[in-house]
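Report on the following structure.
The first residue of the sequence shown is numbered 1, and numbering continues consecutively from there.
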Amino acid sequence: MQDTEVSRAGCGKSFTSIILAILSLILIVAGIWLVALGGSPYYVLAGIVLAIVTFLWIKDRPSALWIYAVGFLVTLIWALWEVGSDFWALAPRVDIWFVLGIWLLIPFSNRLLSTQSGTKHAKQTLSVVMLIVLVTLGYSIFNDPQEINGEISRTQPAATKEIPGVAKEDWPAYGRTQGGERYSPLDQINVNNVKDLEVAWTYHTEDMKTENDSGETTYEVTPIKVGNKLFICTAHQFLDALDATTGKRLWRFNPHIGPTKRYQHLTCRGVSYYDAAMSAKMNAKSAAASDSVPSTLCPRKVLLPVNDGRLIAINADNGEICTDFGDKGTINLRQKMPYDYPGGYNPTSPPVVTASTIIIGGSVTDNLSNKEPSGVIRGYDVNSGKLKWVFDTGAEDPNAMPGENTDFVYNSPNAWAPLAYDAERDIVYVPTGVGTPDIWGGNRTQLKERYANSMLALDATTGKLIWNFQTTHHDLWDMDVPSQPSLGDFQMPDGQRVPAIYVLTKTGNLFVLNRETGKPLIPIEERSVPQTVLRGPQTTGEHYSATQPFTEINLAPPGKLTDKDMWGATMFDQLMCRIIFKGLNYEGIYTPPSENGTLVFPGNLGVFEWGGLSLNSDRQVAVMNPLALPFVSKLKKEDPNRPQTIKGSGTESGFQPMYGTPYSVSLEPFLSPLGLPCKQPGWGYIAGVDLTTHKIVWKKRIGTIRDSLPKLMQLPPLKIGVPGLGGVISTAGGVMFVAATQDNYIRAFDVSNGKQLWEARLPAGGQATPMTYMQDGKQYVVIMAGGHSSFGTKLGDALVAYKLPDKN
């Protein structure tokens with residue numbers, strides 16, 4: 001029996017010694033590598049401590065525990081110095097130390113050590129240190145240094161400004177109005193009762209991704225609501241009309257889009273609605289100038305963008321195609337397109353509809369080739385579908401119509417995000433991207449960059465340019481203007497209200513411009529940005545803008561990333577992330593792409609994507625959901641004259657060929673060897689901005705990793721701040737609603753302070769923007785839970801509506 005005990009003790013000692021030796025060796029070797037790159041010496045020192053502990057452990061010395069306790073305590077102090085009381089940043093710095101500390105204290109590992117004098121006190125000391133660590137972690141859960149905890153004290157005015165032609169109960173456009181406010185004057189659901197919301201009905205579209213579909217098949221739709229009908233488009237662009245009270249389908253229109261993997265995106269963010277009588281009230285200026293003859297066949301119609309390059313008009317009353325529109329109900333948006341192929345030009349966002357004109361842009365394939373379709377913006381007669389005007393962003397004369405033997409200009413910067421419309425002034429606002437390929441611009445002409453990455457203000461009836469403002473110069477990072485701008489009033493310091501446009505960008509800037517002139521309403525400054533490639537060869541044929549515009553309201557994380565910001569599940573993959581980080585080119589935002597590899601932060605998804613913000617002009621408050629997820633771009637030298645062997649739509653991540661340029665590029669999220677983000681959390685937030693002070697008043701992490709791990713690895717649902725794709729809305733009830741996150745929830749927050757008021761589990765990913773409406777005296781909140789195949793959320797087909805319980 002005694003021999004067995006001795007054998008077990010020896011086994012425990014040997015196993016522990018091996019583990020300690022391996023861990024210390026890894027820390028010393030990798031730590032020296034990090035120090036050589038100019039990084040923190042902590043890991044080398046930690047490895048030396050563990051090596052000493054290993055030696056003393058082998059010698060059965062109680063001082064092994066003393067040294068380990070001191071090393072652990074110093075690690076905690078170092079961690080607090082680096083990241084403060086941030087639970088998710090502290091945990092990976094101490095988790096291995098903590099687990100190993102438990103192991104060292106159990107009898108199996110320390111039985112031989114226990115026979116030595118002084119062991120008891122050493123164990124007690126280590127136990128005290130571990131208790132200190134636990135208390136510190138517990139405190140950090142409730143004291144997040146990343147949070148901003150302010151309060152917007154201004155209350156909602158008793159009466160809100162009515163919008164001509166837009167019923168208070170309805171949501172008749174993508175952003176409720178075509179001004180893109182994403183704000184509802186309804187207040188039946190408010191901060192006091194939102195906690196009581198329950199499911200009113202669920203509608204299943206029965207339209208799911210197939211094996212022949214695009215790798216990015218998504219449900220990003222925001223329904224619209226007019227009268228007693230909801231209208232939604234599905235991933236395959238079925239158009240469904242639903243009863244607003246019950247969610248029952250009234251009719252369906254099938255555009256017969258064929259399954260193919262050649263679309264870069266298979267998605268529909270929404271549809272547009274036209275009613276001649278309602279539109280005349282909403283768009284008086286446009287109606288007065290219009291000579292368009294209203295349709296008797298389709299006086300009310302829904303306009304459906306289809307990913308294969310069609311715009312279809314459908315009778316809103318019965319789901320029949322409007323045969324008096326376009327060519328038997330359809331406009332072919334691929335007409336006169338250069339280098340046309342299926343999926344090359346891809347309308348994914350709803351058009352603007354005035355009393356006379358339909359205005360539409362579209363997506364053009366990223367990073368496939370320098371011979372791609374045009375990103376031209378076009379205006380069509382709202383009743384006949386006849387082409388009225390064009391604005392080709394890459395043309396010498398952007399309004400020049402293509403002739404019989406001429407096409408639009410290839411690779412013109414496109415406008416893939418939803419547009420916005422000022423009905424009072426008959427101005428359409430167009431957010432543009434960069435002319436593809438995105439990551440190398442050596443052969444772009446000044447002409448093709450003139451209107452890239454810009455906000456364009458066009459006369460909605462003629463297409464003539466009124467003003468333009470560029471948000472990024474010579475873009476090499478895919479920093480499109482990614483979302484529908486929001487129109488509202490801006491209060492000047494003297495109390496005067498000025499018509500404004502709020503422009504969100506991937507860089508995190510919120511530009512506030514006078515929407516009549518394009519002049520800044522809050523200060524904008526051109527700042528110097530990096531100009532050279534520090535590691536690896538200089539990029540062939542490339543040049544860089546010396547400055548870029550920055551504004552006072554910026555939602556990007558402050559300052560540059562440092563190796564302190566690196567993360568991992570343990571200190572070992574965190575160490576590897578630090579090494580990778582130190583080896584990349586990175587001098588802050590706008591660091592040039594390189595063959596060595598460049599850290600792009602904000603990353604390709606940007607601080608903001610297509611979701612936009614929610615604007616309450618009456619209260620002078622904006623709420624939004626910014627991101628903070630770095631990417632890595634790495635150029636690879638290629639023959640610019642190589643034959644094109646990859647067909648189809650290209651991708652937004654992974655390998656991208658950029659045919660016709662001297663490089664291909666790889667674009668990937670910045671991940672650890674374990675596949676976790678190398679930047680410490682949070683990666684997703686919500687925020688509230690006071691537009692009178694230009695300050696971020698509150699900012700909170702949003703979302704957990706509940707749906708990002710296998711079920712057997714579930715952790716407590718602590719708020720970590722996960723990425724989100726989708727937008728926010730707010731209401732006169734003081735409530736902000738958002739889904740979007742990688743965990744399958746819809747949540748409600750207090751607009752004044754960001755306090756969470758309610759959450760509900762969704763059957764799939766909610767990568768969409770909610771909406772709200774009133775029907776039969778009840779307010780509903782609706783979200784599409786269909787998931788996003790390239791974002792990694794669960795796919796589904798459910799449109800879910802919530803309301804307050806019926807009173808008995």
Verify whether one side chain among [X] and [Y] offers a donor that lies under 3.5 Å from an acceptor in the other.
{"X": "Asp324", "Y": "Ser295", "result": "yes"}
{"X": "Asp207", "Y": "Thr234", "result": "yes"}
{"X": "Trp416", "Y": "Asp480", "result": "yes"}
{"X": "Thr245", "Y": "Tyr780", "result": "no"}
{"X": "Asp392", "Y": "Ser374", "result": "yes"}
{"X": "Thr267", "Y": "Glu216", "result": "no"}
{"X": "Tyr263", "Y": "Asp308", "result": "no"}
{"X": "Asp213", "Y": "His236", "result": "yes"}
{"X": "His204", "Y": "Thr202", "result": "no"}
{"X": "Lys803", "Y": "Gln188", "result": "no"}
{"X": "Asn307", "Y": "Gln237", "result": "yes"}
{"X": "Lys448", "Y": "Ser412", "result": "no"}
{"X": "Arg269", "Y": "Ser349", "result": "yes"}

With side chains defined as the heavy atoms from C-beta onward, is the minimum distance between [X] and [Y] less than 4.5 Å?
{"X": "Gln484", "Y": "Tyr174", "result": "yes"}
{"X": "Asn514", "Y": "Phe490", "result": "no"}
{"X": "Gln767", "Y": "Thr218", "result": "no"}
{"X": "Leu510", "Y": "Leu613", "result": "yes"}
{"X": "Trp171", "Y": "Val782", "result": "no"}
{"X": "Asp381", "Y": "Phe325", "result": "no"}
{"X": "Ile331", "Y": "Arg310", "result": "no"}
{"X": "Tyr339", "Y": "Thr365", "result": "no"}

Closest approach of [X] to [Y] (non-hydrogen atoms, all atoms of both residues):
{"X": "Gly361", "Y": "Pro347", "value": "O-CB, 4.2 Å"}
{"X": "His265", "Y": "Ser363", "value": "CD2-OG, 3.8 Å"}
{"X": "Lys225", "Y": "Met774", "value": "NZ-O, 3.0 Å"}
{"X": "Asn318", "Y": "Asn315", "value": "OD1-CB, 3.1 Å"}
{"X": "Pro294", "Y": "Ala276", "value": "CB-CB, 4.5 Å"}
{"X": "Leu304", "Y": "Leu239", "value": "CD2-CB, 4.2 Å"}

Between [Y] and [X], does any NZ, NE, NH1 or NH2 come within less than 4.0 Å of an OD or OE carboxylate oxygen?
{"X": "Arg176", "Y": "Glu181", "result": "no"}
{"X": "Asp240", "Y": "Arg252", "result": "yes"}
{"X": "Lys778", "Y": "Asp776", "result": "no"}

Interatomic distance, [X] atom [atom1] to [Y] atom [atom2] [nearest 0.5 angstrom]:
{"X": "Ile783", "Y": "Thr772", "atom1": "CD1", "atom2": "OG1", "answer": "11.5 Å"}
{"X": "Met736", "Y": "Arg182", "atom1": "CE", "atom2": "CZ", "answer": "12.0 Å"}
{"X": "Ser617", "Y": "Tyr183", "atom1": "OG", "atom2": "OH", "answer": "9.5 Å"}
{"X": "Cys298", "Y": "Asn383", "atom1": "SG", "atom2": "CG", "answer": "10.0 Å"}
{"X": "Lys229", "Y": "Trp251", "atom1": "NZ", "atom2": "CH2", "answer": "8.0 Å"}
{"X": "Thr471", "Y": "Asn468", "atom1": "OG1", "atom2": "CG", "answer": "11.0 Å"}

### Query
Going through the distances and angles, do Val221 and Cys268 end up as a side-chain contact (heavy atoms from CB on, under 4.5 Å)?
CA-CA 6 Å; Val221 62; Cys268 181; 5.5 Å; no
Donor-acceptor pair, [X] side chain versus [Y] backbone, under 3.5 Å?
{"X": "Gln775", "Y": "Ala244", "answer": "no"}
{"X": "Thr217", "Y": "Ser789", "answer": "no"}
{"X": "Asp459", "Y": "Thr462", "answer": "yes"}
{"X": "Gln620", "Y": "Asp489", "answer": "yes"}
{"X": "Lys506", "Y": "Asp478", "answer": "yes"}
{"X": "Thr432", "Y": "Tyr451", "answer": "yes"}
{"X": "Arg515", "Y": "Gly488", "answer": "yes"}
{"X": "Ser184", "Y": "Leu186", "answer": "yes"}

### Task
Test side-chain contact (heavy atoms from CB on, under 4.5 Å) on Leu419 and Ile359 and set out the steps.
CA-CA 8 Å; Leu419 318 181; Ile359 302 129; 3.7 Å; yes
### Audit row: Val302, Phe253, side-chain contact (heavy atoms from CB on, under 4.5 Å) steps and yes/no
CA-CA 11 Å; Val302 180; Phe253 174 81; over 6 Å; no
Mark yes or no: [X] above the aromatic ring of [Y], with NZ or CZ under 6.0 Å from the six-membered ring centre and no more than 45 degrees from the axis.
{"X": "Arg378", "Y": "Trp389", "answer": "no"}
{"X": "Arg334", "Y": "Tyr345", "answer": "no"}
{"X": "Arg450", "Y": "Phe391", "answer": "no"}

### Task
Identify the residue among Val271, Ile232, Leu230 that makes a side chain to side chain contact (heavy atoms under 4.5 Å, CB included) with Ile224.
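Only match with Ile224 under side chain to side chain contact (heavy atoms under 4.5 Å, CB included): Val271.
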### Message
Which residue is it: Phe608, Tyr502, Phe469? I am looking for the one with a ring pair (Phe, Tyr, Trp, His ring centres under 6.0 Å) to Phe511.
### Response
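Answer to the ring pair (Phe, Tyr, Trp, His ring centres under 6.0 Å) test with Phe511 among Phe608, Tyr502, Phe469: Phe469.
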### Message
Between Asp797 and Tyr219, does the side-chain hydrogen bond (donor to acceptor under 3.5 Å, both in side chains) criterion hold? Intermediate values first, please.
### Response
CA-CA 8 Å; Asp797 70 338; Tyr219 270 97; over 6 Å; no
### Task
In sequence, state the C-alpha distance, the side-chain angles, and the governing distance for Ile501 and Leu513, and then conclude on side-chain contact (heavy atoms from CB on, under 4.5 Å).
CA-CA 5 Å; Ile501 180 170; Leu513 311 173; 3.8 Å; yes
### Query
Got more than 12 heavy atoms from elsewhere within 6.0 Å of OH, Tyr410?
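Not more than 12 within 6.0 Å, no.
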### Message
Could you check, using the six-membered ring where one of them is a Trp, whether Tyr429 and Tyr421 have ring centers closer than 6.0 angstrom?
### Response
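No, the ring centres sit 6.0 Å or more apart.
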